[in-house]
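Beneath this line is the structure, given in structure tokens, with notes to follow.
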Amino acid sequence: MGLLDTLNKEQRQAASTVDGPLLVIAGAGSGKTRVLTHRIAYLIEEMGVKPWNILAITFTNKAAGEMRERVDKLVGFGADQIWVSTFHSACVRILRRHIDRLGYDNSFTIYDSDDQKTVMKAVIKRLELDPKMYKERALLSAVSSAKNELVSVSQYELEAAGDYDYMKKIYAKAYREYQETLQANNALDFDDIIVKTVELFKSCPEVLDSYQERFQYIMVDEYQDTNTAQFELVGALAKKYRNLCVVGDDDQSIYKFRGANIRNILDFEEHFPEAVTIKLEQNYRSTQSILDAANAVIGNNVGRKAKALWTAREGGAKVRLRQFDTAYEEAEFIAREVTRRVAEQGAKYRDCAVLYRTNAQARLLEERMIMEGVPYNVVGGTNFYSRMEIKDILAYLKTIESGRDEVAVRRVLNVPRRGIGNATLEKLEDYAQLHGIGFYQALEQADEIMSLGKASAKIRPFVSLIQGLRREREEKTIAELIQAIVEKIDYAGYLADYDDEGGDDRIANVDELISKAVIYTESHEEPTLTEFLEEVALVADIDNVDGNDDRVLLMTLHSAKGLEFPNVYLAGMEDGLFPGYLTINSEDPTDLEEERRLAYVGITRAMDELTLTCARMRMVRGETQYNGVSRFVGEIPPELLDSNGAGPRRRIQKQKEEADAFVIPDEDAFLERSRERAQSVGATGVGNGGSAGGSQATFGRPKAIIRPKTTPKADKPYIAKGIGSLNQLAGISKGIHQAPEALSYGVGDRVSHVKYGEGSVLKIDREPRDYKVTVEFDKAGQKIMYASFAKLKRL
């Protein structure tokens with residue numbers, strides 16, 4: 001059997017068209033990875049192309065790993081010479097060799113989103129900006145957008161000078177200060193990794209020429225997700241030989257908010273007039289019923305290439321539509337449906353996925369999964385490498401490596417507590433700036449800084465510790481170095497004091513990092529600390545999803561791209577939620593088209609059955625909204641829908657009246673179970689739901705107790721009408737606990753929450769029966785909650 005005999009006609013054509021530019025429009029589930037891997041094998045075995053002359057780029061480590069595995073099986077000997085990697089990994093490899101030409105040291109650090117926020121907070125302080133008016137998230141977004149469009153600091157400043165928008169002038173100042181700080185720390189953020197590679201190629205033609213000779217055949221997967229910087233990068237590499245194959249689906253371009261430019265794929269033939277275009281429209285994933293629904297929805301978009309998915313799997317179950325009165329009923333239905341499928345149909349939990357538009361929708365779904373005893377994972381929870389204890393150890397490693405990363409040094413200077421205060425830090429910073437040295441160098445010279453006085457004695461042990469660990473680094477493996485750090489600073493004791501309930505879990509996470517270091521060392525011929533830190537920095541959330549873990553996956557529609565499941569539930573299919581109000585009211589028609597593409601992505605994740613759910617009433621940001629069914633559902637022909645048996649049609653008014661008498665028993669037990677779940681999040685960076693066995697007996701469906709409103713029990717939280725807790729736990733209406741007489745925290749205090757972690761209190765509003773508290777959480781962003789339910793602890 002020939003190499004390409006297992007491919008269909010269009011796939012064979014795409015795999016064997018190897019000279020010149022090629023655009024492959026690959027519909028959802030059409031086997032694009034199969035085409036790419038066979039194309040690589042065809043180049044080597046049939047065309048005699050050397051493996052090292054091939055570059056294959058994709059967007060996630062997971063996708064790159066799958067492609068690498070398939071290529072290895074097809075090609076065998078020499079496959080390890082092919083570059084199969086993500087954009088960022090490929091660019092980091094190039095920059096490690098040549099970034100010194102741009103004024104950086106080759107052992108640069110890669111900053112994650114938390115590091116970026118730390119830098120921008122310092123920038124806001126140095127520029128004396130009002131942090132309430134100028135949020136680091138908004139400033140970072142402006143900087144990222146500029147970088148994605150290859151707008152340099154000087155160019156941005158020039159544009160801002162001629163702009164009437166005062167905010168743009170502030171953004172320009174922040175952009176310059178931020179970028180200068182990164183360079184002083186010898187650090188790059190994720191956008192810089194691409195931008196600096198493009199800059200390198202433009203400023204060093206000989207470097208570009210060497211890579212053009214190296215990569216004579218280039219393939220790019222998910223081309224619809226590329227931004228301007230990535231477009232320029234690929235164009236530069238392919239300019240000499242023009243053997244560029246891009247594969248993607250304009251109907252799945254859903255990352256505009258990250259800078260993705262759909263015009264890159266739509267206008268490919270304009271940039272490469274000699275390009276061959278091939279469409280892959282046969283779907284190998286879904287039933288025809290599901291595809292007909294997807295085609296009907298996406299057909300309403302104007303900015304797309306005409307195509308229609310089809311499959312040999314004719315027929316199939318109709319798309320189910322279920323509408324409920326409340327979001328609580330919606331979540332209850334989904335959780336019980338999953339339970340039924342497993343019990344009655346022999347399905348696995350991992351066969352089911354629940355997709356939603358916003359992360360906020362996960363809370364009710366999680367609660368119902370726990371109550372029904374359904375094991376689940378939430379994709380997009382706290383990334384393993386973003387956890388406090390992991391970032392502490394990594395910061396120590398970065399400091400040991402070079403000490404140039406000021407963010408890392410400052411993070412661990414008081415871990416464990418060394419009594420080095422803000423006044424001392426400011427004096428060190430002033431000294432460093434005055435003498436043109438780095439922050440760590442200032443620490444090394446602390447004895448010479450007269451203004452420090454006795455504080456220099458507190459700094460000396462930290463510098464000695466780092467110097468000693470640097471000496472040990474030469475003799476120890478990375479795993480042994482981490483163990484040495486943990487022992488020398490008594491990190492276990494520090495964590496026990498810091499978090500008396502979760503200290504053991506945090507130490508377990510450090511142990512997992514040590515295991516990761518062992519695996520890294522064993523899998524690399526010449527392991528280095530620099531490369532280990534680089535690998536860690538490039539890990540994405542979706543790369544951590546274990547396909548063999550038998551749990552229901554809960555995730556946003558954006559996270560679901562590239563995945564498939566036998567049974568898919570699309571929750572929250574309501575106008576105002578999906579699409580959202582901002583999109584509906586936008587003057588830019590492409591915004592609604594992007595949302596429709598997101599709906600198309602969600603629909604085409606389903607293999608066998610697709611269920612769309614929505615609620616007439618939903619609590620959003622503390623307010624009750626009444627929404628109609630999503631217009632995207634309305635675009636599906638009625639003959640494709642099974643809309644029978646939608647949830648119970650209780651009148652909303654009656655429901656509110658019933659809520660007045662509800663008491664939720666055993667809430668403390670519920671919170672304790674939630675706390676346990678939050679603390680037991682494993683090393684994969686996703687939340688672990690309740691297990692199938694055991695938890696259901698303790699956490700069966702809570703039975704609401706009806707009592708006269710005049711006789712509340714003192715030992716149970718009494719819920720009257722209206723706003724928060726009952727909705728938060730049961731999702732039925734608005735309800736309030738009796739408020740505490742006073743709070744232990746105030747505006748500006750640091751607090752912790754069992755689910756969202758640490759944050760700062762921004763606002764407290766006293767309402768008739770409770771306090772409404774607004775908190776900016778470090779990881780979860782801004783949340784508004786009621787004090788009696790949130791149980792925030794002052795730090």
Side-chain angles (χ1 to χ4, degrees), residues 14-24 36-59 64 67-68 71-72 74-104 106 108 150 188 192-223 226 228-247 264 268 271-276 525-526 531 534:
S16 59
T17 303
V18 294
D19 294 322
L22 171 66
L23 170 62
V24 180
L36 281 170
T37 52
H38 278 76
R39 190 174 192 274
I40 292 171
Y42 184 84
L43 281 167
I44 295 170
E45 296 188 6
E46 302 294 332
M47 303 302 295
V49 175
K50 300 291 187 282
W52 52 84
N53 289 141
I54 299 172
L55 170 65
I57 302 177
T58 187
F59 271 82
M67 191 181 296
R68 159 66 64 195
V71 167
D72 287 348
L74 282 172
V75 175
F77 183 75
D80 58 325
Q81 298 296 312
I82 305 166
W83 269 33
V84 180
S85 68
T86 64
F87 268 104
H88 288 94
S89 294
C91 287
V92 166
R93 288 179 71 176
I94 294 170
L95 292 174
R96 286 285 179 218
R97 299 174 188 174
H98 306 289
I99 200 173
D100 56 316
R101 297 171 184 240
L102 300 179
Y104 288 77
N106 291 82
F108 57 84
L150 291 176
L188 304 180
D192 281 332
I193 291 171
I194 309 296
V195 171
K196 292 299 176 185
T197 307
V198 174
E199 186 181 329
L200 173 70
F201 287 163
K202 287 182 177 178
S203 60
C204 303
E206 71 282 6
V207 175
L208 173 60
D209 184 69
S210 69
Y211 283 102
Q212 287 174 333
E213 284 297 324
R214 170 73 190 267
F215 303 126
Q216 297 179 18
Y217 291 86
I218 300 170
M219 280 158 275
V220 183
D221 193 12
E222 305 286 8
Y223 191 67
T226 54
T228 298
Q230 290 160 337
F231 170 81
E232 291 290 339
L233 174 74
V234 170
L237 285 171
K239 188 174 183 179
K240 189 170 187 177
Y241 288 99
R242 298 182 75 79
N243 295 324
L244 172 63
C245 168
V246 300
V247 182
N264 289 349
F268 185 81
H271 296 291
F272 296 91
E274 74 274 34
V276 175
E525 290 184 11
E526 297 180 8
E531 191 179 38
E534 171 192 310

Do you know the tightest heavy-atom contact between Val207 and Phe201? CG1-CE2, 4.2 Å
May I ask you to decide if the ring planes of Tyr211 and His98 are parallel, tilted or perpendicular, using 30° and 60° as cut-offs? perpendicular
Side-chain donor-acceptor contacts of residues 230-240 below 3.5 Å, not counting sequence neighbours, with atom names and distances?
from	atom 1	to	atom 2	distance (Å)
Gln230	OE1	Asn227	N	2.9
Lys240	NZ	Asp209	OD1	2.9
Lys240	NZ	Glu213	OE2	2.6

Just how far is it from atom NZ of Lys50 to atom CD1 of Ile44, taken to the nearest 0.5 Å? 10.5 Å
Do the side chain of Thr17 and the main chain of Ala14 share a donor and acceptor less than 3.5 angstrom apart? no
Would you name the heavy atoms of Val18 and Tyr217 that are closest together and state the gap between them? O-CE2, 3.4 Å
In plain terms, say whether Glu199 and Lys196 are close enough for a salt bridge, that is, a side-chain N and a carboxylate O under 4.0 Å apart. yes
Where do Asn264 and Val246 land on the side-chain contact (heavy atoms from CB on, under 4.5 Å) test, with the steps shown first? CA-CA 10 Å; Asn264 289 349; Val246 300; over 6 Å; no
Taking every non-hydrogen atom, the tightest pair across Asn243 and Gly20: OD1-N, 2.8 Å
Atom of Ala229, atom of Val198 and distance for their closest heavy-atom approach: O-CG2, 3.6 Å
When rounded to the nearest 0.5 angstrom, what is the spacing between CE in Met67 and CD1 in Ile57? 10.0 Å
Could you grab the distance from atom CZ of Arg93 to atom CD of Glu531, nearest 0.5 Å is fine? 9.0 Å
To the closest 0.5 Å, what do you measure between CD (Gln81) and CG (Asn53)? 10.5 Å
Separation between CG (Leu43) and CD (Glu46), nearest 0.5 Å, reads 10.5 Å
How close do Ala64 and Val84 get, heavy atom to heavy atom, and via which atoms? O-CG1, 3.6 Å
So, taking the atom named CD1 in Ile54 and the one named CZ in Arg214, what distance separates them when rounded to the nearest 0.5 Å? 10.5 Å
Would the number of heavy atoms belonging to other residues, nucleotides or ligands and lying under 6.0 Å from CD of Glu206 be above 12? yes
Do Leu74 and Ile40 have side chains that approach each other closer than 4.5 Å (heavy atoms only, starting at C-beta)? no
Sub-3.5 Å donor-acceptor pair from the side chain of Arg96 to the main-chain atoms of Asn106, do we have one? yes
Please tell me if the side chains of Leu95 and Thr197 come closer than 4.5 Å, counting only heavy atoms from C-beta onward. yes
Heavy-atom side-chain contact between Val24 and Tyr223 under 4.5 Å: no
CA sep, side-chain torsions, deciding dist, call: Gln216, Val49, side-chain contact (heavy atoms from CB on, under 4.5 Å): CA-CA 9 Å; Gln216 297 179 18; Val49 175; over 6 Å; no
Could you tell me which non-hydrogen atom of Ser85 sits nearest to which non-hydrogen atom of Ser89, and how far apart they are? CB-CB, 4.0 Å
Would you say Ile218 and Tyr241 make side-chain contact, with heavy atoms under 4.5 Å? no
